[in-house]
Every structure is written in C-alpha cells, then in structure tokens.
4 protein chains.
Amino acid sequence: MPGLHQATPSQQPADVAGITGAHLLQYIERIERLEEEKTELGEHVKEVFQEAKSGGFDPKIIRIVLRERKRTPEELDEEEMMVHLYKQALGMTPAAS
Amino acid sequence: MPGLHQATPSQQPADVAGITGAHLLQYIERIERLEEEKTELGEHVKEVFQEAKSGGFDPKIIRIVLRERKRTPEELDEEEMMVHLYKQALGMTPAAS
Amino acid sequence: MPGLHQATPSQQPADVAGITGAHLLQYIERIERLEEEKTELGEHVKEVFQEAKSGGFDPKIIRIVLRERKRTPEELDEEEMMVHLYKQALGMTPAAS
Amino acid sequence: MPGLHQATPSQQPADVAGITGAHLLQYIERIERLEEEKTELGEHVKEVFQEAKSGGFDPKIIRIVLRERKRTPEELDEEEMMVHLYKQALGMTPAAS
DNA sequence: ATCGAACCCCCTTTTC
DNA sequence: GAAAAGGGGGTTCGAT
C-alpha cells in the first residue's frame, strides 16, 4: 500500500494498515442493518393502520389514543385541567365549564 | 347479534357485542409492540454511533456517508453536477472548478 | 425568447449571456431575505414565550391552547368525542364516562 | 376583589381581578400575530420557488444551494474532505478521487 | 439548571 | 387515491 504516509493532518480517522477502514465499515453496516429493520417495522405499522382504516377506524384518532396511552392518567388529567384553566381565563369556555 | 342497532349514527366504531372494541385493541397493541421494537432498534443504532465516536469517528460525517450510500451514484453525480452548475451561475465557485 | 436550442442537454439552467445566473441569484436572494425575516419572527415568538413563562405561565399549556384556537370548536368536539368513544371501546374510561 | 377562595390549589395562573387572564391573552395574541406573519412569509417563499421552477430551475437544487450558502466555505470544505476520507476508507471512491 | 442544537415524528402539500 | 417530499413542532441530548 503505497503513499498515504504523512499528510493526515490531525484528527482524521487515518487508515492504518486497513484497520480503520474496516472498523468504519463495521459500524456503517451495523447501522444500515438496524435501519433496514426499523424500516420494515415501520412498514408493518403502516399496514396495521391500513387494516384498521379498512375496519372502519380513523387512523388519526388511533394515533391520539396511542399517544395518550403512553402517558400516565395523572399527567393527562393534570394537563387537561391546566388547559381548561387557561381557556377559562381567556373566556374560551365552550359551554358549561 | 342482538340489539344495539339504534344510536350508532354512522361511521363510529360502536362496540357491537364486544367485537369492535376487541378489534381496535388488537390494532393498537400490534402497533404498540412494533413501535417498541422500533425504539429498541433506535437505541441500538445510538449505541453503534456511540461506539464509532469512541473509536474516533465523527458521527456527523458517518450520517452523511450513510445518506449517500442510500442513493445511487448516478443520482448523486447528477445532483452534484447540477449544484455545481448553479453555483457557477451564481459565481460561487470556491476556487478552481 | 428565441434560441437556446443547441447544447442545453435538457433542463439545466445554462447561463446564457449572464441572464440565467442573474435570475437565479434574484430568486435565491429573495428567498434568503424572506427566510431571514421568518427567523426574526421566530425569535420574537420565543421571546414572548419567555415573557409568559416569567409571568408564571406554562409554555407547554400555552402551545396546546394556541393549537386548539386554530381549530373550530366543532372539529375539537368531534375529535374529542371520537377519542372518548375509542377509549370506551378499549376500556380506558378514566372514571365516570 | 375577595372571593375565588376555594379551589385554586396552588400554582395555577388564577385570574385575580381579571389581570392574569388579560395577560395571558396578550401573550397569546402576540404569538398568534407573529405566527400569522411567519405564515405569510412562508407563502411568499413558496411563490418564489414556484417562479423559479417556472423559470426552469430545479427547486431541489436551489434548496441545496441555499443550505450551502448558509455555511462558511471552510465548514463546507472541511466536511467535504472528511466525507471523502471516510469514503476512501470504505472503498467508495466513485471513480477518480 | 438552563440553553442550544440535533434528531425524530407528524402533517401538509404536491406529484404521479 | 396513494406515495413522496418539504416544512414545522416536539423532544431529547449534550454542553455550558
């Protein structure tokens, strides 16, 4: 392997005896594999949404439900209460408050 | 399937004999499971980046390389050429072009 | 605009007599100016949030209120109702429903 | 104005003498106004892109050029060099390097 | 602990 | 109507 001797100014990886390049490749291929799997899972998710939609469910509402399921009821209630409070202060109370 | 006919105006889910609620739950749980797995994979990705960083590689550059590897050389070259062309038209040619 | 036929393989800009480059530059500078202004406005928004926070308001709640103010009460009610419905079907009814 | 005693547990805004609600409203309306202006600017940007497209320019390439113009040539060169280096280490050198 | 930046996700719009 | 791209918002992480 000719050349490449000096001239690796400072903080580059600097392929030494093919080691570094191989390492880099390892990292990259591992990430690519993982990303592939993520993509597949994402496609499955999409399919399930599609099925649900075909079954008469609204994906948008499902997303909201999923989001809320990730939070504790306490959080949810707390937030809801605060929102309500702010709305009251703004005179946005929908009907009866 | 007895009763429950009135009061389900149109396209709501309307739990009929426990069927719909169960279906909805199926969808939701499948999605939640898939999302969990996606999250795990995402964490693995993060770990690999961390390793690479510890190994002296710049994650930012790695991301760029990953992005470019997802595209065909033709696309890349085409785009690069066009960018260069536009830059020339703008007088942005960095040095020698 | 006559001419231009030869040697512009397909849809490249191709600076002819300095015209195209100037045009491109116009577009680019107009966009850059507009983006600058957008950025400034964004900073002002940030400042207002900061003030509100100093005044004891929770930015997170404010964001929710802002979001809801952009929608009609009908939309909101409709959505809320659907979410409630789905939750019921899932047995997620928080307390009294 | 006394009253309002019960039921304002702790850290809510608590409209006292109409002051807080008014304050909140000020914040909210200021933000809404700023956001409106941002939206308008965004529409202008869109229009310019449309014009440029009609003029034969590729919006995608324009975006890339805009992005690069926001960075200093030093940054760009530095990054480009590193990407090139990594690609070499990976044996991704397209043709001549 | 606050600030800023990077990343990820959702949504809207546009294209095919 | 579906798929893709771009823009915006939210969140999390790292840095100070």
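Since the model is a prediction, treat every value here as computed from it, not as a measurement.
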Enquirer: Would you kindly give the CZ-to-P distance between B:F49 and F:dG14, to the nearest whole Å?
Expert: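 Between P of F:dG14 and CZ of B:F49: 14 Å.
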Enquirer: Please identify each residue that fulfils salt bridge (Lys or Arg N to Asp or Glu O under 4.0 Å) with B:E43, with sequence neighbours left out.
Expert: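 Not a single residue meets the salt bridge (Lys or Arg N to Asp or Glu O under 4.0 Å) criterion with B:E43.
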Enquirer: Atom CG of A:L34 and atom P of E:dC8: how far apart are they, to the nearest Å?
Expert: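 Atom-to-atom, A:L34 to E:dC8, this comes out as 13 Å.
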Enquirer: Send over the distance from D:E37 CD to F:dG8 C1', rounded to a whole Å.
Expert: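 Computing the D:E37:CD to F:dG8:C1' distance gives 18 Å.
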Enquirer: For A:E37, give me all partners under side chain to side chain donor-acceptor pair (under 3.5 Å), at least two apart in sequence or on another chain.
Expert: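 Listed in chain order: nothing, the list is empty.
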Enquirer: Below 3.5 Å, can you tabulate the donor-acceptor pairs from side chains in residues 62-73 of chain A to any protein atom, sequence neighbours excluded?
Expert:
unit_1	atom_1	unit_2	atom_2	d
A:E68	OE1	C:K87	NZ	2.4
A:R69	NE	B:E32	OE2	2.7
A:R69	NH2	B:E32	OE1	3.3
A:R71	NH1	A:E79	OE1	3.3
A:R71	NH2	A:E79	OE1	2.9
A:T72	OG1	A:E74	N	3.3
A:T72	OG1	A:E74	OE1	3.2
A:T72	OG1	A:E75	N	3.0

Enquirer: Hey, can you pull the donor-acceptor pairs under 3.5 Å for the side chains in residues 46-56 of chain D, sequence neighbours left out?
Expert:
unit_1	atom_1	unit_2	atom_2	d
D:E51	OE1	C:R30	NH1	3.2
D:E51	OE2	C:R30	NH2	2.9
D:S54	OG	D:Q50	O	3.0

Enquirer: Without decimals, in angstroms, what is the distance between B:L41 CG and E:dC8 C1'?
Expert: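 About 15 Å, once rounded to whole Å.
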Enquirer: Who pairs with A:E80 by salt bridge (Lys or Arg N to Asp or Glu O under 4.0 Å), at least two apart in sequence or on another chain?
Expert: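 Here no residue qualifies.
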Enquirer: For C:E47 and E:dG4, what is the distance between atoms CD and P respectively, to the nearest whole Å?
Expert: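 Atom CD in C:E47 sits about 11 Å away from atom P in E:dG4.
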Enquirer: Using 0.5 Å steps for rounding, measure from the CG atom of A:L34 to the CD atom of A:E29.
Expert: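 One gets 12.0 Å once the value is rounded to the nearest 0.5 Å.
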Enquirer: Please encode protein proximity along nucleotides 9-16 of chain E as a string of B, S and -, counting only heavy-atom distances under 4.0 Å.
Expert: --S-SSS-
Enquirer: For the pair made of CD1 in A:I31 and C1' in E:dC8, what is the distance, rounded to whole Å?
Expert: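 A:I31 atom CD1 is separated from E:dC8 atom C1' by 16 Å.
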